[in-house]
Amino acid sequence: MRSIAVSDIGNSNAHYRFYTFETFLEHQRRLGFRRVDLFGATPHVWIDAYGRSGGRRLREMMDYYGLEPGVFLPEFSSMRYTLGSQAREKTHEYLKYCLEFGAELETDSMVVTANGFLLDVREEERRFRLEEELGYVADLAKPLGMKVLLLNHYSDHTNMIRTIEDMVWCMNVMEGKNIGPAMDVASVYEAGEDVRLWLSRFGDSLGYVCLSNTKFDGGKHYWGDGYLNLADIGAGLRESGYSGRIGCYCMIRNYLKAPWAADERTMEMLSWAFESADCHGQAQGG
C-alpha cells in the first residue's frame, strides 16, 4: 500500500481572489504545503483570447516561498472560451495563451473541462466537436512538454464529461493522443459513483485527482464542511497505489473572506486522513 504525504498534495489559489498571490503563498508555506495548484483567473492570472500575464514571474514567486507548481487549471467557468464555445477562433487563441503560460510556469500538466456545449445540438455532433477540440489542444501542448488532463464535472449539464462512462468513451477515442483523464472527487459522488471504480478503471493513466468536497448542491466545499469521507477516499488512493498529482479545490463565496481559515481546516483534515497514527496502523495491518 503506497503512502501519501500531505506535502505531496497541492492546494489551489482559487478562493484567494480577494487577496494577493503573495498572501496565498505565505499561508501555504505556513501551513506546510509544498505544492500549489494554480487556478488561472484574476487577480493572480490574466489570460484571454488577446493576451496573457507572465507565468515566469509567478514561478519565481513560488520559488521564493519554497513552493513548487502542481497543475495549472485555466478558467473555463465564466469565460466565453470553452471547448464547446461557438467562438472557436478565440477559444483556440485562449488555449494557446494558457499553454504558453503553463510552460513558463514549468508545470507538466494543464487540466481542462469539456463544458460550454449547447444542449440543443445532437450528442453525436457534440462528441465529434469535443474530439476535434481536444485533439487541437493536445497537439499544441506536446511540443511545450505539457500533458492535457480532462476533468469530469457532473453538476454542469453543458459538460460532455460528467460520468465514468463519458470519460471511458473520450479516452478511447483520444487513445494515442496527449490527453489523459483526471478525477474530481465531488463530481464522482454527485454522479452516484465511487473513486475506487475510477481508480480501478483508469489506473496509471489517471494524472490528477482533485480532492473537492460536496453537499450535493453543486458547490465545492472545503474539507470538514461537506458530506464526503476524506479518510475513505485517502484509503482508496493508497490501496490503488495511485502516484499521480493530487490537489485540493474549494470555492464557496463565504470562503473568500478569510481563505486561510478554510486552508487550516483542510490541512487538519488532510493530516488526519493521510498521516494520522490510525491511518498508518491500518496501512501496516492492511
Side-chain angles (χ1 to χ4, degrees), residues 2 10 37 70-74 76-77 81-85 88 91-92 95 98-99 102 107-119 121-212 233 236-237 239-247 249:
R2 178 179 179 269
D37 294 335
V71 300
F72 174 52
L73 301 96
F76 284 112
S77 59
Y81 318 122
T82 65
L83 294 184
S85 170
R88 297 183 72 170
T91 295
H92 288 177
L95 289 166
C98 286
L99 286 165
T107 179
D108 57 9
S109 304
M110 186 173 86
V111 179
V112 301
T113 54
N115 60 307
F117 286 84
L118 299 177
L119 300 180
V121 175
R122 289 189 308 137
E123 184 175 4
E124 293 80 5
E125 294 179 29
R126 283 181 281 146
R127 286 193 168 195
F128 180 76
R129 169 74 184 283
L130 176 59
E131 185 177 351
E132 280 189 320
E133 296 304 308
L134 286 176
Y136 175 82
V137 69
D139 289 342
L140 283 179
K142 194 169 184 179
L144 295 174
M146 296 175 62
K147 184 160 188 176
V148 178
L149 300 175
L150 182 61
L151 188 70
N152 57 316
H153 188 182
Y154 182 76
S155 60
D156 183 354
H157 286 262
T158 73
N159 199 306
M160 293 294 293
I161 308 299
R162 302 176 63 227
T163 67
I164 192 170
E165 289 82 5
D166 296 335
M167 187 69 82
V168 168
W169 162 79
C170 191
M171 291 303 107
N172 285 339
V173 299
M174 299 306 297
E175 187 175 4
K177 296 281 189 179
N178 187 34
I179 296 283
M183 175 178 67
D184 175 76
V185 169
S187 288
V188 167
Y189 284 99
E190 286 165 357
E193 299 169 348
D194 187 274
V195 296
R196 286 173 172 80
L197 179 63
W198 279 70
L199 292 165
S200 174
R201 178 61 183 81
F202 297 110
D204 292 339
S205 68
L206 191 66
Y208 173 65
V209 171
C210 181
L211 294 175
S212 56
I233 293 168
L237 292 169
E239 291 163 5
S240 72
Y242 179 74
S243 59
R245 298 280 198 189
I246 303 175
Y249 181 95

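The figures here come from the full heavy-atom set of this structure, side chains too, leaving out hydrogens, waters and symmetry mates.
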When you compare the side chain of Asp37 with that of Leu73, does any pair of heavy atoms fall below 4.5 Å?
yes

Glu131: what forms a side-chain contact (heavy atoms from CB on, under 4.5 Å) with it, not counting sequence neighbours?
Val173, Met174

With heavy-atom distances below 4.5 Å as the criterion, would you say the side chains of Lys147 and Asp108 are in contact?
no

For residues 176-197, which residue pairs qualify under salt bridge (Lys or Arg N to Asp or Glu O under 4.0 Å), counting only residues two or more places apart or in two chains?
Asp184-Lys220, Arg196-Asp232, Arg196-Glu239

Quick one: ring-ring contact (aromatic ring centres under 6.0 Å, His included) partners of Phe72, sequence neighbours excluded?
Phe101

Gap separating the SG atom of Cys210 from the OH atom of Tyr249, nearest 0.5 angstrom:
8.0 Å

Locate the shortest heavy-atom distance separating Leu149 from Ala182; write the atom from each residue and the value.
CB-CB, 4.1 Å

If only atom types and distance count, is the side chain of Thr91 paired as donor or acceptor with the main-chain N or O of Tyr81 below 3.5 Å?
no

For Leu151 and Met183, what are the C-alpha separation, side-chain angles and deciding distance, and is it a side-chain contact (heavy atoms from CB on, under 4.5 Å)?
CA-CA 6 Å; Leu151 188 70; Met183 175 178 67; 5.6 Å; no

Is there side-chain contact between His92 and Val137, with heavy atoms separated by less than 4.5 Å?
no

Flag the pair Leu140 / Leu144 as yes when at least one side-chain heavy-atom distance between them is below 4.5 Å, and no otherwise.
no

Do you know which two heavy atoms are closest between Val148 and Ala141, and how far apart they sit?
CG2-CB, 3.7 Å

Would you check, one step at a time, whether the test side-chain contact (heavy atoms from CB on, under 4.5 Å) holds for Asn152 with Thr163?
CA-CA 7 Å; Asn152 57 316; Thr163 67; over 6 Å; no

Give every residue pair that meets the salt bridge (Lys or Arg N to Asp or Glu O under 4.0 Å) criterion with at least one member in residues 151-174, sequence neighbours excluded.
none

Between Leu206 and Leu199, is a side-chain contact (heavy atoms from CB on, under 4.5 Å) present by the stated rule, with each step listed?
CA-CA 7 Å; Leu206 191 66; Leu199 292 165; 3.8 Å; yes

Output the distance between atom CG (Asp204) and atom OG (Ser243), rounded to the nearest 0.5 Å.
5.5 Å

Counting only N and O atoms by type, is there a donor-acceptor contact under 3.5 Å from the side chain of Tyr242 to the main-chain atoms of Arg245?
yes

Does anything in residues 109-119 pair up under side chain to side chain donor-acceptor pair (under 3.5 Å), and if so which pairs, sequence neighbours excluded?
Thr113-Asn115

On a heavy-atom basis, the closest approach of Ile246 and Tyr208 is C-CE1, 4.2 Å

Please identify which of these residues, Arg127, Arg129, Arg122, meets the salt bridge (Lys or Arg N to Asp or Glu O under 4.0 Å) condition with Glu125.
Arg122

Can you name the residues that form a side-chain contact (heavy atoms from CB on, under 4.5 Å) with Ser205, not counting sequence neighbours?
Pro181, Phe202

More than 12 heavy atoms from other groups under 6.0 Å of CG on Asp139
yes

Of all residues at least two apart in sequence or in a different chain, which pass the ring-ring contact (aromatic ring centres under 6.0 Å, His included) check with Phe128?
none

His153: ring-ring contact (aromatic ring centres under 6.0 Å, His included) partners, not counting sequence neighbours:
none

With sequence neighbours excluded, residues passing side-chain contact (heavy atoms from CB on, under 4.5 Å) with Ala114:
Leu83, Phe117, Leu130, Leu150, Asn159, Met160, Ile161

For the residue pair Val188 and Val185, establish whether any side-chain heavy-atom pair is separated by less than 4.5 Å.
no

Could you check if a side-chain atom of Leu99 sits within less than 4.5 angstrom of a side-chain atom of Met110, using non-hydrogen atoms only?
yes

Can you name the residues that form a ring-ring contact (aromatic ring centres under 6.0 Å, His included) with Tyr189, not counting sequence neighbours?
none

Tell me every residue that passes salt bridge (Lys or Arg N to Asp or Glu O under 4.0 Å) with Arg201, counting only those two or more places apart in sequence or in another chain.
none

What residues, two or more places apart in sequence or in another chain, satisfy salt bridge (Lys or Arg N to Asp or Glu O under 4.0 Å) together with Glu175?
none

